Amino acid sequence: MRPEQLHPQSIYTPKPACIVKTQALTANERLFRLQFVDGSPLGHQPGQFVEVSVLGVGEAPLTITSSPRQPDYFELCVRRVGNVTNALHELSEGAVLGIRGPLGRGFPLAEFQRQNLLIIAGGIGIIPLRPVIEHVLSERDKFKDITILYGVKHPDERLFRDDIACWEGREDVDFRLTVDRPMEGWAGHVGVVTTFFPKLNIDPLNTVAIIVGPPIMYKFVLLGLSHKGFADQKVFMSFERRMKCGVGKCGHCQINGVLTCRQGPTFSYAEIKDLREAIG
Ligand SMILES: Cc1cc2nc3c(=O)[nH]c(=O)nc-3n(C[C@H](O)[C@H](O)[C@H](O)COP(=O)(O)OP(=O)(O)OC[C@H]3O[C@@H](n4cnc5c(N)ncnc54)[C@H](O)[C@@H]3O)c2cc1C
């Protein structure tokens with residue numbers, strides 16, 4: 001009898017995955033490349049997440065930041081904030097983690113085809129947007145104009161600098177980076193991400209906006225998009241809520257009855273606009 005017949009995979013059973021590569025991206029964020037020990041692919045959609053367990057410490061939801069086009073591995077980018085994330089930062093190549101997932105609902109990328117895309121990331125909001133960007137660039141001819149706005153507080157906080165260099169170098173993408181506080185010698189744009197809005201020449205009727213960032217960014221970006229004439233169903237976002245089970249059983253992550261782990265974490269603004277606690 002095979003092991004999976006003895007212990008059939010349950011939604012609560014983590015599957016072992018090995019860290020094959022790890023790299024510091026900033027002082028607080030680290031990238032982990034993982035492979036399932038049994039060699040199977042993760043099979044995710046951009047926008048989905050996994051529950052990651054560190055033996056003896058606990059479990060945390062983390063977004064998959066690599067493209068599904070690389071089935072041999074998947075990547076997670078982890079900001080250290082507490083028990084699990086600090087323990088993850090201490091692990092080296094060869095360490096084995098537990099993975100449940102992929103979980104949640106990814107972005108409906110097929111629906112975005114034949115439209116312009118306005119992708120707006122704030123801080124670590126670039127983590128779920130990186131696989132979206134990789135996907136749309138790998139199928140570039142299926143989308144019209146692509147504009148990417150990425151805002152960070154300080155230049156040191158830029159994630160995925162190799163990818164940024166690649167996006168900046170492409171003629172078929174309008175990529176713009178901004179920082180709130182420049183460092184000496186910074187020649188780039190300064191100001192919050194919405195300072196790009198006045199000069200943004202966008203047709204709201206034929207454009208989908210995909211935004212991920214901190215709550216304060218949502219507030220001002222949503223206001224700016226509304227002023228530009230975006231309909232609520234043309235705006236998509238991803239939410240981080242305190243989660244436990246990740247599979248819609250425990251209710252920890254619910255916002256006014258909506259389970260963000262199962263029904264999200266990606267939503268159109270039209271879906272969550274009337275939920276009182278959704279946007280701070
Ligand atoms: C769907 C989803 C995707 C996520 N993706 C990523 C990702 O790709 N990369 C990443 O770095 N983080 C991500 N997070 C956040 C990550 O899950 C938390 O930082 C992590 O669970 C913290 O666990 P910990 O044991 O390290 O911290 P703890 O020891 O549990 O807590 C440390 C501190 O952080 C606070 N805290 C913990 N979790 C949260 C939370 N979810 N929201 C607000 N405050 C919190 C606690 O109140 C405490 O102050 C995601 C969260 C969700 C829900």
Side-chain angles (χ1 to χ4, degrees), residues 11 14 17 19 22-34 42 44-68 73-91 97-107 121-134 150 152-153 157-160 163 210-218 236-255 258-267 272 275 277-280:
I11 49 174
I19 300 175
T22 171
Q23 178 195 356
L25 297 185
T26 68
N28 291 314
E29 282 95 20
R30 183 169 267 280
L31 188 66
F32 294 88
R33 182 171 289 184
L34 296 150
L42 179 62
H44 65 286
Q45 299 293 319
Q48 287 190 296
F49 68 97
V50 285
E51 285 282 350
V52 180
S53 47
V54 182
L55 193 65
V57 184
E59 201 176 34
L62 295 165
T63 307
I64 305 141
T65 195
S66 53
S67 165
Y73 63 82
F74 58 98
E75 289 178 330
L76 307 173
C77 177
V78 186
R79 170 175 285 183
R80 53 158 88 225
V81 296
N83 295 336
V84 175
T85 50
N86 272 310
L88 275 168
H89 273 239
E90 297 308 314
L91 297 177
L97 303 169
I99 301 288
R100 289 193 295 123
L103 303 173
R105 177 172 71 157
F107 289 105
I124 61 170
I126 194 73
I127 296 174
L129 290 175
R130 181 182 181 231
V132 172
I133 296 169
E134 284 187 16
Y150 178 27
V152 287
K153 285 196 192 123
E157 294 176 14
R158 282 167 296 165
L159 295 174
F160 310 123
D163 299 273
I210 315 164
I211 59 178
V212 187
I216 186 77
M217 187 192 99
Y218 282 129
F236 289 79
M237 50 187 60
S238 178
F239 274 135
E240 273 194 19
R241 276 293 185 281
R242 285 278 222 170
M243 281 180 194
K244 287 284 178 206
C245 72
V247 287
K249 303 289 182 195
C250 74
H252 263 78
C253 66
Q254 61 100 15
I255 315 173
V258 172
L259 295 163
T260 48
C261 68
R262 278 279 298 273
Q263 289 156 277
T266 71
F267 294 96
I272 50 91
L275 304 180
E277 297 163 22
I279 311 252

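In each ligand, atom 1 is the first atom listed, and ligand 1 is the first ligand listed. In this text, all values refer to a predicted model and were calculated from it rather than measured experimentally. The first residue in the sequence is number 1, and the count goes up from there.
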Quiz item: Going by distance alone, is a donor N or O of one side chain under 3.5 Å from an acceptor N or O of the other, for T22 and R30?
Solution: yes

Quiz item: Does the side chain of N86 come under 3.5 Å of the side chain of R80 through a donor N or O and an acceptor N or O?
Solution: yes

Quiz item: Using 30° and 60° as the class limits, which term best fits the ring planes of Y218 and F239: parallel, tilted or perpendicular?
Solution: perpendicular

Quiz prompt | Closest protein heavy atom (residue, atom, distance) for atom 8 (O) of ligand 1 | solution = T63 N, 3.0 Å

Exercise. Write out the residue and atom name of the closest protein heavy atom to atom 44 (N) of ligand 1, then the distance separating them to 0.1 Å.
Key: R242 NE, 4.4 Å

Quiz item: So which of I127, V52, L103, L62 gets nearest to atom 12 (N) of ligand 1, if we judge by its closest heavy atom?
Solution: L62

Self-check item: From the candidates P61, A60, G58, G246, the one that places a heavy atom nearest atom 17 (O) of ligand 1
Solution: P61

Quiz item: Hey, is C77 one of the residues with a heavy atom under 4.0 angstrom from ligand 1?
Solution: yes

Quiz item: Any salt bridge between K244 and E59, counting N to O under 4.0 Å?
Solution: no

Self-check item: Side chain, backbone, both or neither: the part of M243 lying under 4.0 Å from ligand 1 by heavy atom
Solution: side chain

Quiz item: Heavy atom under 4.0 Å from ligand 1: found in V81's side chain, backbone, both, or neither?
Solution: both

Quiz item: Would a 4.0 Å cut-off, counted as strictly less than, catch a protein heavy atom around atom 49 (O) of ligand 1?
Solution: no

Quiz prompt | Subset of ligand 1 atoms that lie under 4.0 Å from at least one heavy atom of V84 | solution = 24 (P), 25 (O), 26 (O)

Quiz item: How about I11: does its CD1 atom have over 12 heavy atoms from other parts shown lying under 6.0 Å from it?
Solution: yes

Practice problem: Considering non-hydrogen atoms only, spot the tightest contact between P61 and F49 and give its length. | Solution: CB-CD1, 3.9 Å

